[in-house]
Amino acid sequence: METKYFDLREKIDDEKIKEAAEAIKEGKLVLFPTETVYGLGANGLDENAVKKIYAAKGRASDNPLILHIADIKILDKLVKSVGDIESKLIEKFWPGPLTIIFEKKEIVPNVITGGLNTVAIRMPENLIARKLIRYSNLPIAAPSANISGKPSGTVLEDIKEEFDGKVDYMINGGKVNIGLESTVIRVVDGIIHILRPGKITKENFEDLGFDVAIEKQILGEYDGKEKVMSPGIKYKHYAPNTKSVLIYSKNNEKMVDKVKELAKNENAVILCKTSNENRYSGFDVISMGDTLEEISSNIFTILRKSDKLNKSLIIIEGVKEEGLGLAIMNRLIRATAHNYIKII
């Protein structure tokens with residue numbers, strides 16, 4: 001397969017997006033930007049097209065996908081009902097990085113849902129993504145554009161080689177804004193259950209007066225006993241090939257000391273906050289940024305960069321597990337295969 005490449009970083013070209021949308025209609029694969037990460041998209045109502053996503057990513061078939069829409073009216077076609085809480089969340093956060101799980105109608109193929117009777121849906125904010133969906137006039141199934149288990153793509157350059165020849169179109173929209181996948185929630189008995197944390201946080205929901213529960217798998221390990229409703233829970237995710245360890249303490253000095261202790265006997269690279277760079281004199285260091293927004297935007301690209309350094313160990317500074325920090329730590333815990341040292 002020859003992949004056609006569109007560079008829309010400088011100017012959004014509607015004719016090129018329409019061409020890619022026609023490819024979606026024809027059951028082809030299109031790699032495109034969203035505000036969270038790049039997505040690997042296909043017609044979400046075409047079972048054979050969706051199977052191509054799983055094949056291109058090397059993704060397990062029981063790992064559910066998210067349907068992306070651009071018009072609220074299509075929800076009635078896809079889901080059995082939209083509750084009061086879901087309606088309020090849609091009004092507040094769509095378009096944006098929030099995925100909501102609903103009970104699905106028969107029109108949604110089981111291949112998307114991992115055999116569940118529910119479907120995850122979101123409306124992206126990114127203009128290229130929205131236009132692609134509108135011009136295709138279809139819900140687009142799209143997981144993150146990365147080979148399964150590897151860090152998600154936040155710039156096309158990081159994933160172009162992985163998918164060249166595996167997809168029909170690639171659309172380059174530049175670096176994404178957020179850098180972490182969407183928050184995934186399901187409302188059960190009036191409580192918002194966060195299944196995957198993201199930019200929209202527990203605190204954001206609580207500020208609106210909602211009760212919120214965080215699922216145990218977010219920072220813990222999947223126990224294998226139940227089906228998962230959200231991507232990013234069951235399998236190893238976001239991981240570099242190099243052995244990695246995550247270190248965190250509320251006490252910055254203790255965290256830095258532990259990082260140094262581990263690094264001194266290893267051919268290691270340290271991923272740290274910019275404000276801690278000068279504390280690691282003599283070590284190889286990559287700065288992640290200082291704010292949670294900077295870290296979320298940079299972390300997947302940095303994981304890929306550090307993996308190319310041929311080190312024996314990647315040591316990563318953690319952040320406080322609150323707000324956007326919960327999403328960052330969720331990704332890093334999985335990236336390090338739960339090799340996480342938390343210092344009291």
Side-chain angles (χ1 to χ4, degrees), residues 1-6 8 16-34 36-70 74 77-78 99 104-116 118-122 124 126 128-154 156 158-173 181-182 228 230-232 234-238:
M1 178 193 302
E2 183 177 350
T3 299
K4 195 163 185 179
Y5 173 79
F6 291 150
L8 305 187
K16 290 180 177 177
I17 298 175
K18 287 178 182 177
E19 182 178 333
E22 286 299 315
I24 293 287
K25 292 179 184 179
E26 294 167 5
K28 297 178 179 179
L29 295 183
V30 176
L31 194 155
F32 65 97
T34 78
T36 56
V37 296
Y38 274 77
L40 179 59
N43 177 356
L45 302 182
D46 182 338
E47 182 174 343
N48 290 327
V50 173
K51 286 179 178 178
K52 293 178 183 178
I53 295 175
Y54 286 97
K57 279 178 63 74
R59 183 184 180 98
S61 61
D62 63 346
N63 199 0
L65 303 180
I66 293 171
L67 278 183
H68 295 69
I69 65 172
I74 199 174
K77 181 180 180 181
L78 303 173
T99 296
K104 78 179 187 73
K105 285 185 175 177
E106 289 300 316
I107 193 173
V108 178
N110 288 332
V111 67
I112 283 178
T113 66
L116 297 168
T118 55
V119 61
I121 299 178
R122 91 173 183 99
N126 178 277
I128 293 173
R130 297 272 298 286
K131 284 177 177 284
L132 181 68
I133 300 164
R134 286 192 184 279
Y135 290 142
S136 71
N137 198 30
L138 290 163
I140 293 181
S144 57
N146 55 297
I147 299 302
S148 281
K150 299 305 174 189
S152 300
T154 54
L156 187 64
D158 282 348
I159 50 177
K160 189 175 181 180
E161 187 176 339
E162 290 178 13
F163 289 102
D164 191 28
K166 293 183 179 180
V167 303
D168 298 277
Y169 285 82
M170 291 187 191
I171 301 175
N172 191 348
E181 299 83 357
S182 61
V228 296
S230 170
K234 186 173 182 180
Y235 297 98
K236 184 180 179 182
H237 266 62
Y238 324 114

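The analysis underlying the following values was restricted to heavy atoms, covering all of them including side chains, and did not include hydrogens, waters or symmetry mates. Just so you know, residue 1 is the first one in the sequence shown, and it goes up from there.
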message: Quick check for you: to the nearest 0.5 Å, what is the distance between Ile121 atom CD1 and Thr118 atom OG1?
response: 10.0 Å
Lys51 and Glu47 ion-paired at < 4.0 Å: yes
field: Nearest-0.5 Å distance, OG1 of residue Thr3 to NZ of residue Lys28
entry: 11.5 Å
task: Mind listing the closest non-hydrogen atom pair of Ile69 and Pro139 along with its distance?
output: CG2-CB, 4.1 Å
message: Let me confirm one number: the CD1-CZ distance from Ile147 to Arg59, rounded to the nearest 0.5 Å.
response: 12.0 Å
- request: Please confirm whether the backbone N or O of Val111 pairs with a side-chain atom of Tyr54, one donor and one acceptor, at under 3.5 Å?
  value: yes
- prompt: Would a 4.5 Å heavy-atom cut-off, applied to side chains only, mark Leu45 and Leu78 as touching?
  reply: yes
Exercise: identify the closest heavy-atom pair between Ile133 and Ala70: CG2-N, 3.6 Å
message: Is it true that Ser182 and Thr99 share a donor-acceptor pair across their side chains at a distance under 3.5 Å?
response: yes
message: Quick check: do Arg122 and Thr36 have side-chain heavy atoms less than 4.5 Å from each other?
response: yes
task: Supply the atom-to-atom distance Leu40 CG to Ile140 CD1, rounded to the nearest 0.5 angstrom.
output: 11.0 Å
Leu31 side chain reached by Leu156 side chain, heavy atoms, under 4.5 Å: yes
Test side chain to side chain contact (heavy atoms under 4.5 Å, CB included) applied to Ala129 - qualifying residues, sequence neighbours left out: Phe32, Thr34, Pro124, Asn126
query: Does the pair Met170 and Lys4 meet the rule for a side-chain contact (heavy atoms from CB on, under 4.5 Å), with working shown?
result: CA-CA 6 Å; Met170 291 187 191; Lys4 195 163 185 179; over 6 Å; no
message: Under the criterion side-chain contact (heavy atoms from CB on, under 4.5 Å), I'd like the reasoning laid out for Leu8 against Lys131: C-alpha separation, chi angles, the key distance, then a yes or no.
response: CA-CA 13 Å; Leu8 305 187; Lys131 284 177 177 284; over 6 Å; no
- prompt: Nearest 0.5 Å, what's the CG-CD distance between Asp168 and Glu19?
  reply: 11.0 Å
- prompt: What are the two closest heavy atoms between Gly173 and Ile128, and how far apart are they?
  reply: CA-CD1, 3.9 Å
- request: Go through the steps to decide whether Met1 and Leu29 satisfy the test side-chain contact (heavy atoms from CB on, under 4.5 Å), and finish with yes or no.
  value: CA-CA 11 Å; Met1 178 193 302; Leu29 295 183; 5.8 Å; no
- prompt: Where do Asn146 and Gly153 come nearest, in terms of heavy atoms and distance?
  reply: CB-N, 4.4 Å
message: Holding to ring-ring contact (aromatic ring centres under 6.0 Å, His included), I want the full list of residues that pass it with Phe6, two or more places apart in sequence or in another chain.
response: Tyr169
task: Can you spot which of Val108, Asn110, Ile107 makes a side chain to side chain contact (heavy atoms under 4.5 Å, CB included) with Val119?
output: Val108
- prompt: With distance as the sole criterion, is a donor-acceptor pair present between the side chains of Asn137 and Lys25 under 3.5 Å?
  reply: no
- request: Could you check if a side-chain atom of Lys57 sits within less than 4.5 angstrom of a side-chain atom of Phe163, using non-hydrogen atoms only?
  value: yes
query: Rounded to the nearest 0.5 Å, what separation is found between the OG1 atom of Thr113 and the CD1 atom of Ile66?
result: 13.0 Å
statement: For Ala20 and Ile171 the tightest heavy-atom approach is CB-CD1, 4.0 Å
query: What heavy-atom pair brings Ser136 and Ile24 nearest, and what distance separates the two atoms?
result: CB-CG2, 4.0 Å
